[in-house]
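Comments concern the structure below.
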There are 2 protein chains.
Amino acid sequence: MLELRHLRTLIALRDTGSLVEAAERVHLTQSALSHQIKDLESRLGMPLFTRKTRPVAFTHAGERLLTLAEQVLPQLRVAERDLARLAGNEHGRLHMAIECHSCFQWLMPTVDHFRNHWPEVEVDIPSGQNFDLLPGLTREALDLVITDNPQPLPGVHYAPLFRYEGLLAVSKQHALAGRTWVEPDDLAAETLIVYPVDHSRLDVFTQFLDPAKVQPREVRSAELTVMMMQLVASGRGVCALPNWALTEYLERDYVKALPLGRDGVWSTLYAAIREESRELPWMEDFIRTARDTSFAVLNGIKPAGD
Amino acid sequence: MLELRHLRTLIALRDTGSLVEAAERVHLTQSALSHQIKDLESRLGMPLFTRKTRPVAFTHAGERLLTLAEQVLPQLRVAERDLARLAGNEHGRLHMAIECHSCFQWLMPTVDHFRNHWPEVEVDIPSGQNFDLLPGLTREALDLVITDNPQPLPGVHYAPLFRYEGLLAVSKQHALAGRTWVEPDDLAAETLIVYPVDHSRLDVFTQFLDPAKVQPREVRSAELTVMMMQLVASGRGVCALPNWALTEYLERDYVKALPLGRDGVWSTLYAAIREESRELPWMEDFIRTARDTSFAVLNGIKPAGD
DNA sequence: GCATGCTATGAATTCTATTCACGATTCGGA
DNA sequence: TCCGAATCGTGAATAGAATTCATAGCATGC
């Protein structure tokens with residue numbers, strides 16, 4: 001009668017605050033969740049939460065089930081890991097690299113969490129050479145590459161982690177600061193600050209400016225997000241960054257962020273791995289853990305399909 | 001992927017030792033369980049137990065899942081009880097009586113267990129008057145009666161608890177002791193010892209001797225099971241009792257027990273309650289608890305349909 | 001060697017969860 | 001106050017799963 005699926009739904013609901021988003025999180029439609037919960041509530045003979053408020057407010061019954069979920073679901077995860085371990089294949093190597101700047105924010109918690117559960121897997125993030133990383137994957141120099149730029153390569157599988165929105169950060173005094181969103185033309189007179197990587201790897205260009213055939217007045221680069229923020233805050237330019245990289249500056253009311261175009265520019269972050277390693281239990285677990293921690297740590301991101 | 005149903009199945013499997021019986025326990029067919037488990041095993045990529053042995057032997061993976069089940073299922077029960085409590089209706093009265101002798105063996109653990117979880121329900125087993133108990137139910141003098149003799153009464157619902165087999169206890173030296181089962185005629189020359197209740201409430205008569213129009217040479221009664229056993233062991237008669245009432249004497253090798261007829265005589269024990277009280281959360285819980293503890297405490301009983 | 005009891009299996013079926021396509025409701029802004 | 005955007009609810013249709021049915025295969029004990 002009560003099933004694990006219900007518990008997962010409730011957790012997603014609490015984390016997101018709305019049926020629509022919770023549905024996305026568990027890869028179902030909003031309608032499915034509405035039915036699912038309605039029917040659970042009717043069997044229990046009482047409501048689990050109020051929908052009239054944002055985020056939804058849980059009743060005592062709802063809270064109780066959440067508690068149950070928090071108890072049970074982790075135990076399940078542990079058991080699944082133990083089973084994977086019993087299946088053998090618990091040894092392995094996970095050398096990974098990140099193609100995208102400033103991913104450490106969520107990668108570190110993921111790696112920590114993972115290390116605890118798979119002591120037999122040798123985890124390493126060799127830093128240094130910033131060459132093209134994907135070939136390193138086929139060469140077996142690397143086992144996993146975090147990238148937002150999947151290119152069809154034989155023997156490489158891209159596991160989607162999550163979707164995020166590229167936002168334009170501008171100073172609070174900036175002329176654009178009052179707008180609801182910006183159009184490509186708005187950037188023609190601006191100084192655009194970017195990471196020092198190839199043009200083709202910057203979504204602002206590939207997905208926003210290039211299609212509209214617009215070029216910013218000036219382009220300059222900076223290594224670190226903090227530096228960019230300083231430049232932006234002092235009005236010396238604007239920059240486009242993933243929404244989650246901006247949250248801490250937005251919270252401190254340091255800069256203002258605007259969607260790129262009416263519908264925004266969304267990209268997906270992938271974990272690139274070798275096809276053969278795809279079914280390894282600890283690899284599957286790493287991907288799951290990465291997704292889970294991302295949602296726990298980052299704001300404003302959305303699930304990506306499989 | 002892994003669902004609660006699987007955990008319940010595994011528990012049933014461990015408790016019973018075979019797919020056939022486990023299937024009965026969870027109210028499914030043997031085929032369903034075979035499919036269910038096969039499919040779980042294939043998804044996990046390893047077997048959970050060996051079927052070639054009786055009882056089945058769990059693999060490490062199977063053991064791990066059993067551990068999970070033991071962790072999770074009780075938590076679920078507690079949560080369900082808490083929800084029922086939140087639904088209100090946690091107050092109530094449960095005055096019960098037993099029509100069948102020697103039910104205390106499993107009733108006591110049930111009652112204890114129940115008292116802990118429903119402190120607000122006043123539990124009582126008024127002993128004494130051995131009148132017809134069912135009317136007391138409609139009169140609201142009683143709230144629950146344990147009986148093996150359900151009679152259609154308006155407003156009374158019979159919740160089946162379990163099925164048990166009536167066995168004939170004979171002394172180890174008895175002429176019948178070597179037989180695989182007994183026929184009605186075999187009792188024509190015997191002294192039959194019974195509880196001092198009405199003929200119509202004794203299954204040996206109603207289901208075994210009467211249909212075959214056989215009468216025992218002599219019928220005498222005894223109040224307590226121990227007394228009966230003493231008489232039987234010393235060869236002064238034979239007696240028919242539920243299999244579970246006999247197990248302790250069989251284990252001590254005190255007497256011998258035989259099925260009544262080739263297929264045995266099976267009866268069902270019911271909890272008779274008022275229709276209105278059927279949906280009360282604590283009443284539902286009591287029935288469930290009674291079933292569960294019966295299976296845990298008693299040997300050789302089988303589930304009864306709903 | 002045959003009966004008995006258990007498990008496996010493929011196809012058919014039944015049932016339940018999910019989607020689809022709406023309609024209803026709320027909220028904030030012109 | 002009247003949109004428009006977003007969210008949630010609902011009934012009917014659908015897809016997908018779990019379950020049953022009807023067997024076959026395999027041991028084990030007599």
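Because the structure is predicted, anything quoted here is derived from the model rather than measured. Protein chains get the first letters and strands the later ones, always in sequence-line order, with residue 1 at the start of each.
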Show me the donor-acceptor pairs, under 3.5 Å and distance only, between side chains in residues 259-271 of chain B and residues at least two apart or in other chains.
unit_1: Ser267(B); atom_1: OG; unit_2: Asp203(B); atom_2: OD2; d: 2.6

Problem - Value rounded to 0.5 Å, distance of CD in Glu80(A) from CG in Leu68(B) - result: 8.5 Å

Exercise for the section: Flag the pair Val255(B) / Val170(B) as yes when at least one side-chain heavy-atom distance between them is below 4.5 Å, and no otherwise. Expected result: no

Exercise for the section: Decide if atom CD of Glu279(A) counts as having more than 12 heavy atoms of other residues, nucleotides or ligands within a radius under 6.0 Å. Expected result: no

Handout entry: Pairs flagged by side chain to side chain donor-acceptor pair (under 3.5 Å) wherever residues 11-23 of chain A is involved - sequence neighbours left out
Key = Arg14(A)-Glu70(A)

Practice task
For DNA chain C, find the residues of residues 36-65 of chain B with a heavy-atom distance under 4.0 Å and give them by number; none if there aren't any.
Solution key: Lys38(B), Arg51(B), Arg54(B)

Exercise for the section: State whether Glu284(A) and Arg288(A) are salt-bridged, where the test is any N-O pair (Lys NZ or Arg NE/NH1/NH2 against Asp/Glu carboxylate O) under 4.0 Å. Expected result: no

Exercise for the section: Give, ordered by number, those residues of residues 256-266 of chain A having at least one heavy-atom distance below 4.0 Å to an atom of DNA chain C; if nothing qualifies, reply none. Expected result: none

Exercise for the section: Quick one: list whatever passes side chain to side chain donor-acceptor pair (under 3.5 Å) with Asp292(A), sequence neighbours left out. Expected result: Arg77(A)

Which donor-acceptor pairs under 3.5 Å do the side chains of residues 24-37 of chain A make with protein atoms, sequence neighbours left out?
unit_1: Glu24(A); atom_1: OE2; unit_2: Arg163(A); atom_2: NH2; d: 3.4
unit_1: Thr29(A); atom_1: OG1; unit_2: Ala32(A); atom_2: N; d: 3.1
unit_1: Gln36(A); atom_1: OE1; unit_2: Thr9(A); atom_2: OG1; d: 2.5

Handout entry: Glu41(B) with Lys38(B): basic N within carboxylate O range, under 4.0 Å
Key = no

Practice task
For DNA chain C, write out the stems as range with range, using runs of 3 or more consecutive Watson-Crick or G-U pairs with both distances under 3.5 Å.
Solution key: C:1-30 with D:1-30

Handout entry: Contact interval (first through last nucleotide) of DNA chain C with protein chain B, 4.0 Å heavy-atom
Key = dT4(C) to dA11(C)

Fill in the blank from the handout: Per the under-4.0 Å heavy-atom filter, residues of residues 5-12 of chain A near DNA chain D come out as none

Practice task
State, yes or no, whether a side-chain contact exists between Phe162(A) and Arg291(A) at a heavy-atom distance under 4.5 Å.
Solution key: no

Exercise for the section: Would you confirm whether Asn299(A), through its side chain, and Trp244(A), through its main-chain N or O, come within 3.5 Å as a donor-acceptor pair? Expected result: no

Problem - Of residues 22-35 of chain A, the positions that come close to DNA chain D - non-hydrogen atoms, cut-off under 4.0 Å - result: Gln30(A), Ser31(A), Ser34(A), His35(A)

Extract all donor-acceptor atom pairs below 3.5 Å that involve side chains of residues 52-60 of chain A and protein atoms in other chains or at least two apart in sequence.
unit_1: Thr53(A); atom_1: OG1; unit_2: Pro55(A); atom_2: O; d: 3.1
unit_1: Thr59(A); atom_1: OG1; unit_2: Pro47(A); atom_2: O; d: 3.0
unit_1: Thr59(A); atom_1: OG1; unit_2: Leu48(A); atom_2: O; d: 3.1
unit_1: Thr59(A); atom_1: OG1; unit_2: Ala61(A); atom_2: N; d: 3.4
unit_1: Thr59(A); atom_1: OG1; unit_2: Gly62(A); atom_2: N; d: 3.1

Problem - Side-chain heavy-atom pair Leu161(A), Ile287(A) within 4.5 angstrom cut-off - result: yes

Handout entry: Set of side chain to side chain donor-acceptor pair (under 3.5 Å) partners for Arg8(B), sequence neighbours left out
Key = none

